[in-house]
Amino acid sequence: MTARALALDLFLAVEGGRRLQPTLSAFLRRHALSPEDRAFLTHLAYGVFRRLRYLDHLLDPLLPRPERLPSRVRWALRAGAFEFLEGKAGHARVHPWVEEVKKTHPALAGLANAVLRRLALREAPLAVRLSLPDFLLEAWEAFFQEVEFAQAFNEPAPLFVTALGKPDGAKDVKEKGERGLRPGPLPDSFVWEGPAEDFPALGLQPQNPASLFAAQLLGAGPGEEVLDLCGGAGVKAAYLASRGARVRSLDVNARRQRAGERTWRRLGLEVAFETRDLREPIPYRADKVLLDAPCTGTGTFRTHPEARYRLKPEEVRAMAALQTQLLETAAQATRPGGVLVYSVCTLTEEEGEGVVRAFLERHPEFVPEDFACPLPLLRQELGAYVRPEGGLDGFYYARLRRVD
Ligand SMILES: C[S@@+](CC[C@H](N)C(=O)[O-])C[C@H]1O[C@@H](n2cnc3c(N)ncnc32)[C@H](O)[C@@H]1O
């Protein structure tokens, strides 16, 4: 099977509701592709979904009824249009996609050929050029007073890894420099320049620096007790444990927790996992509490490009309501004098400052603390929003101290 045929299968699977990243990983595991084909399939998959709205904008005027075209043919045209945007020469991009169309819809091969040859750049509104939902771009313009940062969601990112293992793991990793590691934007964060490896065997964990900073912001020292709420597979918990904290990680998803537990055990890290729905109060208290809440994920549109076409405005409100409930549990679990860090990998006002502002009005026993963030920021007023540039995910953090 050609990489192009696999790409079309992948596009159809994602159109059918599957998530791009795990589906692509499964395809790469299942099919024996050459390194060049693996790279091509990956590039095509992310590229097409990152530019989908603009690709349709280029194609639609050339198609009498785009919505009536068989899906597989439409995806072949989108992929051909993506290669056009990338500047690939006509013969190298048109013929292979026409051949793919011929295999399943021979009667449409002529149309595909004509459309791919006639492609031309067209003016488009900003949301179309960036392939983002109108409502989100409007909200960002109003809240951040700019939207240029969103261009970065369509650019590839380096692979960031965090050094785990012993508290001096970063030093060990620097000594492994010959493997192609260079320093990232935070302590213990590195850029991995080689092909993917068995990272836990190297004491490394793939992790975006913006995600790592949420754990670092907690400021948990060796021996300190930490509650990691909505801990998932415990990526942040593992980092905190590697720095000597005693971590209890709670999440409603037992499957995720089991996967994390296996990984962290290999690294010799101890994290106490417990499965709980955190909309209910919990019987634990700690001086350091991290709530890395579920969210709409708009800050991770680079790695989950399909999510932008699925997001509905009402989901932002629904997530903010859930985050508000989870924050109540986190507040109860924070001891007087303790620190509560709230983080989300999204850039909406409602799920960031909105949730925290309403929380502070209900809870005068908490005050927001200023903090320095070494990552580039979009806004720092009540908490901070990370600018998603240079491969960083967009994140929001607030650091709250319980002062009663
Ligand atoms: C942003 S992810 C957490 C990622 C994790 N902290 C990490 O660093 O890998 C949000 C998590 O919230 C969990 N979650 C969603 N609703 C929940 C609930 N009602 N109670 C507990 N956990 C919940 C999800 O299962 C998911 O793992």
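As the structure lists them, so they are numbered: ligands from 1, and atoms in each ligand from 1. Computed from a predicted model, the values in this text were never measured in an experiment. One-based numbering along the sequence shown.
Each of the atoms 19 (N) of ligand 1 lies under 4.0 Å from some heavy atom of Arg279. Less than 4.0 angstrom separates some heavy atom of Lys236 from each of these atoms of ligand 1: 7 (C), 8 (O). Within ligand 1, counting atoms from 1 as listed, the ones closer than 4.0 Å to a heavy atom of Asp277 are 18 (C), 19 (N), 20 (N). Heavy-atom contacts of Asn253 reach the following atoms of ligand 1: 25 (O) (cutoff under 4.0 Å). The distance from ligand 1 to the heavy atoms of Gly232 drops below 4.0 Å at these ligand atoms: 27 (O). Close approach to Arg276 involves these atoms of ligand 1, each under 4.0 Å from a residue heavy atom: 20 (N), 21 (C).
Distances from atom 6 (N) of ligand 1 to the heavy atoms of Leu229, Thr300, Asp292, Val235 put Asp292 nearest. Closest heavy-atom approach to atom 20 (N) of ligand 1 among the candidates Thr275, Leu278, Asp251: Leu278. Distances from atom 16 (N) of ligand 1 to the heavy atoms of Gly234, Ala237, Pro294 show the closest one on Pro294. Closest to atom 1 (C) of ligand 1 by heavy atom, among Cys295, Ala293, Gly231, Cys230, is Ala293.
Listed here is the closest heavy atom pair of Leu20 and Val14: CA-CG2, 3.8 Å. Nearest approach of Pro206 to Leu159, heavy atoms of both residues: CB-CD1, 4.2 Å.
Annotation: salt bridge (charged side-chain N to carboxylate O under 4.0 Å, His left out) contacts of Arg93 (sequence neighbours excluded): none.
The aromatic ring centres of Phe213 and Phe395 sit 6.0 Å or more apart.
Residue contacts with ligand 1: Ser211 is placed with no nitrogen or oxygen under 3.5 Å of a nitrogen or oxygen of the ligand (distance criterion only). For ligand 1, none of its N or O atoms has an N or O atom of Leu326 under 3.5 Å away.
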Self-check item: Working for side chain to side chain donor-acceptor pair (under 3.5 Å), residues Glu274 and Ser249
Solution: CA-CA 6 Å; Glu274 201 177 306; Ser249 185; over 6 Å; no
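If you check the side chains of Thr298 and Thr346, you find a donor sitting under 3.5 Å from an acceptor. A donor and an acceptor atom, one from each side chain of Thr329 and Gln332, are nowhere located under 3.5 Å apart.
The list of side-chain hydrogen bond (donor to acceptor under 3.5 Å, both in side chains) pairs with a residue in residues 352-366, not counting sequence neighbours, reads Glu328-Arg362, Glu328-His363, Glu353-Arg357, Glu353-Arg379, His363-Glu365.
The nearest heavy-atom contact from the protein to atom 17 (C) of ligand 1 is Val252 CG1, 3.7 Å. Annotation: atom 27 (O) of ligand 1 to nearest protein heavy atom, Arg256 NH1, 2.5 Å.
Cation-pi contact between Arg248 and Tyr284: present, with separation from the ring centre below 6.0 Å and deviation from the ring axis of at most 45°.
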